[in-house]
**Q** 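Sharing a structure here in structure tokens format.
Source: prediction; values computed, not measured.
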Amino acid sequence: MARKATTAPPEPIVFQPDGNILSAFLMSDGDFDIIQGPIGSGKTDTAVMRLFRHASQQPTQRDGVRRSRWAIVRSTFPELKTTTIPSFTERFPEGKEAAGGFGEMSWSPPFTYHMRHGDIEAEFIFLALDKDDDVKKLRSLQLTGIYFNELQYINLLLVAEGLSRCGRYPSRQKGGCTWTGGIADMNAPESLHWAPIMFGKAPVPDHFTPDDVQKHKRPPGWNLFIQPPALLVMDDEMRAHGMEALNPGDEVEYCINPGAENLRWLRTDYYAKKIYGVSRQWIDANCRNIAASIMRGKAVHPLFRSENERNSHVASAPLRFQPELDLYVGLDFGLTPAAVFMQTVRGRVFVLAELYAEDVGAVTFAPFVKAEILRRFPGVDPARVKFFGDPGGDIRGQAEEKTAFDIFRQNGMPVMRAPGANRFIGPGGRREVVDNLLTRQVDGYQAFLVSPDCRMICQGLGGGYQFKVTNTSAGKFTSSDIVKNPYSHPCEALGYGLLGMGEGGNLLFGAGRERKPVETKVQARVFDRGPRKAVFRRRA
């Protein structure tokens with residue numbers, strides 16, 4: 001039986017997105033559209049309104065009703081209940097249509113909002129998906145489309161599984177779907193997140209297998225909409241144009257980007273209050289819309305300056321290899337090995353390239369390093385390549401006859417132990433060596449410079465390389481233990497290489513001393529000093 005027409009048509013819903021990117025995302029019909037922007041940029045409201053737009057465009061069925069079913073996904077249940085659902089109900093309040101409402105919420109799991117507005121009947125199912133095991137929550141669902149809120153915390157497997165459930169409601173017998181697919185919003189994700197790799201915003205990692213590369217190929221119909229940053233780092237040109245810093249006098253000064261979106265609907269001091277009590281990594285990801293490391297601990301090297309900062313330690317363009325100079329290779333071993341390639345250019349240390357692998361040993365990694373040296377550094381003289389590695393790589397295990405050093409030497413790469421007895425903290429330790437370089441300048445330029453291609457080193461020194469922070473009854477405690485993650489291994493390799501370049505000696509004796517690699521091929525036997533003459537004493 002057909003529904004009776006209402007006495008008066010519903011009033012039109014007015015939504016005014018403030019920005020070209022927001023408008024383009026709202027009106028797009030891509031199979032899977034992602035919008036990336038800073039906090040407060042209107043992403044969530046625009047995504048919710050886009051769901052409503054698609055619901056209003058579904059075909060009418062025989063009874064004159066447009067039916068659709070949508071899933072709205074967040075990574076955790078508390079965030080779903082405290083942020084995502086309130087954002088939705090603020091835009092579409094509960095209640096009857098005659099009283100200005102749009103429907104009612106069913107608070108029994110799974111939480112479902114039943115919308116009834118004009119000729120629209122839509123279900124919005126709210127789901128918390130975090131782990132791969134949560135895929136089972138999507139099984140048997142028949143959806144029109146899906147919306148991933150805060151996509152930076154959701155993995156690719158869950159996205160693919162969610163999209164596979166779309167286009168199933170309404171069925172073709174009942175008219176099918178006019179549009180089906182997915183949308184998502186996010187702040188700037190970590191550089192190793194699948195989204196920047198898939199959309200070409202970050203290079204494919206070296207450790208990716210062919211299967212990983214295939215999974216990260218961008219499907220047709222997938223689009224990424226990137227909003228302008230909300231904050232900019234102040235420079236002299238901005239001051240000349242009359243722009244004012246939000247935090248004048250601080251080491252890094254920020255100002256409002258006049259081209260940011262959604263400023264029309266925010267308080268004038270909204271972003272001015274966001275830069276206090278947070279780290280630079282948080283500001284980069286949430287206000288400047290650039291990739292930053294996820295901070296779960298305390299940065300080992302807080303003095304490192306990322307790109308786009310004043311006196312940055314990241315070069316503006318890829319650094320070039322100079323064949324007439326020695327090439328130093330720092331190595332970290334284990335099943336997550338790493339290699340970092342460096343040169344000393346007129347007293348400055350240039351980090352040219354990096355390699356990182358997962359779930360491989362020295363037998364696989366050594367030929368890989370050798371091949372990459374020949375590929376990345378054409379014309380290199382093998383006699384001018386110096387290898388320094390973790391001293392632990394020269395120790396045999398109970399079930400191993402060859403060490404990592406032995407395997408590299410068999411591949412024509414004579415690795416030497418990095419000096420310093422594998423010391424991390426203290427004079428001549430890896431941490432102090434790097435920090436010393438970060439504070440030095442040579443002829444007015446940074447003494448330490450990283451090629452922008454070395455994103456593992458950039459992200460690691462920018463905060464991904466961290467000390468563990470544990471919660472105790474007395475509060476948070478920062479230990480001397482390192483958080484083992486993908487960034488820790490390249491940063492360890494960097495430290496070993498710098499020690500081999502003589503930077504540890506510079507820390508002890510000053511930068512003015514002659515820097516020479518420490519020769520460690522010959523190991524002193526400190527406990528074997530030859531035969532000792534026996535001494536006999538007569539008892540008294």
**Q** Would you indicate whether the side-chain heavy atoms of Ile256 and Leu246 approach each other to under 4.5 Å?
**A** yes
**Q** If only atom types and distance count, is the side chain of Ser75 paired as donor or acceptor with the main-chain N or O of Ile154 below 3.5 Å?
**A** no
**Q** Would the distance check show the side chain of Asp406 and the main-chain N or O of Arg409 forming a donor-acceptor pair, the cut-off being under 3.5 Å?
**A** no
**Q** Any non-hydrogen side-chain atom of Gln36 less than 4.5 Å from a side-chain atom of Asp185?
**A** no
**Q** Enumerate the side-chain hydrogen bond (donor to acceptor under 3.5 Å, both in side chains) contacts for residues 157-166, please, sequence neighbours excluded, ordered by first and then second residue.
**A** Arg139-Glu161
**Q** Salt bridge or not between Arg384 and Asp326? Use side-chain N to carboxylate O under 4.0 Å.
**A** yes
**Q** Measure the shortest side-chain to side-chain distance between Val278 and Ile283 over non-hydrogen atoms and say whether it is less than 4.5 angstrom.
**A** yes
**Q** What residues form a ring pair (Phe, Tyr, Trp, His ring centres under 6.0 Å) with Phe148, not counting sequence neighbours?
**A** none
**Q** So, Asn411 side chain and Met413 main chain: donor-acceptor pair closer than 3.5 Å or not?
**A** no
**Q** Shortest non-hydrogen contact from Met456 to Pro490?
**A** CB-CG, 4.0 Å
**Q** Salt bridge check, Arg280 against Glu251: does any charged N sit closer than 4.0 Å to a carboxylate O?
**A** no
**Q** Are any of the side-chain heavy atoms of Asp359 and Thr336 separated by less than 4.5 Å?
**A** no
**Q** I'd like to know if the side chain of Asn155 and the backbone of Leu158 have a donor-acceptor N/O pair within less than 3.5 Å.
**A** yes
**Q** Using the test side-chain contact (heavy atoms from CB on, under 4.5 Å), find all partners of Cys491 that sit at least two apart in sequence or belong to another chain.
**A** Leu461, Tyr465
**Q** Would you please classify the geometry between the Phe408 ring and the Phe333 ring as parallel, tilted or perpendicular, with 30° and 60° separating the classes?
**A** perpendicular
**Q** Could you tell me whether the side chain of Asn289 and the main chain of Gln227 form a donor-acceptor pair under 3.5 Å?
**A** yes
**Q** Has the side chain of His193 got a donor or acceptor atom that lies under 3.5 Å from a matching backbone atom of Pro189?
**A** no
**Q** Below 4.5 Å, heavy atoms only, C-beta onward: do Phe388 and Leu499 meet side chain to side chain?
**A** no
**Q** Quick one, Leu224 and Met186 - any side-chain contact, counting heavy atoms below 4.5 Å?
**A** yes
**Q** Under a 3.5 Å cutoff, is there a donor and acceptor pairing between the side chains of Asn149 and Arg74?
**A** yes
**Q** If you take all heavy atoms of Val340 and Ala493, which pair is closest and at what distance?
**A** CG2-CB, 3.9 Å
**Q** If you measure from CD on Glu253 to CG on Asn247, what distance do you get to the nearest 0.5 Å?
**A** 6.0 Å
**Q** For residues Val213 and Phe208, report the shortest heavy-atom separation together with the two atoms involved.
**A** CG2-CB, 3.9 Å
**Q** For Asp211, which residues count as a salt bridge (Lys or Arg N to Asp or Glu O under 4.0 Å) partner, sequence neighbours excluded?
**A** none
**Q** Passes side chain to side chain donor-acceptor pair (under 3.5 Å), Tyr487 versus Glu492? Steps please.
**A** CA-CA 9 Å; Tyr487 303 113; Glu492 294 286 345; over 6 Å; no
**Q** Of the non-hydrogen atoms in Leu192 and Pro205, which two are nearest, and what is the gap between them?
**A** CD2-CG, 4.5 Å
**Q** Just verifying a value: how many Å separate His313 NE2 and Gln446 CD, rounded to the nearest 0.5 Å?
**A** 3.5 Å
**Q** Among His301, Arg440, Arg430, whose side chain to side chain donor-acceptor pair (under 3.5 Å) with Asp435 holds?
**A** His301
**Q** Nearest 0.5 angstrom please: Asp394 CG to Phe405 CZ, how far?
**A** 5.0 Å
**Q** Hey, could you give me each pair passing ring pair (Phe, Tyr, Trp, His ring centres under 6.0 Å) that has a residue in residues 342-361? Not counting sequence neighbours.
**A** His207-Tyr356
**Q** Please round to the nearest 0.5 Å and tell me the distance separating atom CG of Asp29 and atom OG1 of Thr180.
**A** 11.5 Å
**Q** Working to the nearest 0.5 angstrom, can you tell me the gap between Leu303 CG and Asn436 CG?
**A** 10.5 Å
**Q** Please walk me through it: do Glu150 and Lys43 pass salt bridge (charged side-chain N to carboxylate O under 4.0 Å, His left out)?
**A** CA-CA 10 Å; Glu150 302 292 350; Lys43 303 182 299 298; 6.0 Å; no
**Q** Between Lys386 and Leu327 (side chain of the first, backbone of the second, donor and acceptor by atom type, cut-off under 3.5 Å), is there such a pair?
**A** no
**Q** Is it true that a side-chain atom of Gln466 and a backbone atom of Gly463 form a donor plus acceptor pair closer than 3.5 Å?
**A** yes
**Q** Quick check on Lys137: does its NZ atom have over 12 non-hydrogen neighbours (other residues, nucleotides or ligands) under 6.0 Å away?
**A** yes
**Q** How would you list, by chain and number, every residue that makes a side-chain contact (heavy atoms from CB on, under 4.5 Å) with Pro452, sequence neighbours excluded?
**A** Val314, Ala315, Pro318
**Q** Just so I know, are the side chains of Ile373 and Phe368 near enough to count as touching, which here means a heavy-atom distance under 4.5 Å?
**A** no
**Q** Can you tell me how far CE of Met243 sits from OH of Tyr254, rounded to the nearest 0.5 angstrom?
**A** 14.5 Å
**Q** If every non-hydrogen atom of Arg348 is compared with every non-hydrogen atom of Leu449, which pair is closest and at what distance?
**A** NH2-CD2, 3.8 Å
**Q** Any donor and acceptor pair, going by atom type alone, linking the side chain of Ser488 with main-chain N or O of Asn485 inside 3.5 Å?
**A** yes
**Q** Do Val159 and Val73 make a side-chain contact, defined as non-hydrogen atoms from C-beta onward lying under 4.5 Å apart?
**A** no
**Q** Tell me whether the rings of Trp194 and Trp222 are parallel (<30°), tilted (30 to 60°) or perpendicular (>60°).
**A** perpendicular
**Q** Could you pull out the closest heavy-atom pair between Leu22 and Ser41, with the gap in Å?
**A** CD1-O, 3.3 Å
**Q** Does Gly30 offer a backbone N or O that forms a donor-acceptor pair with the side chain of Asp33 under 3.5 Å?
**A** yes
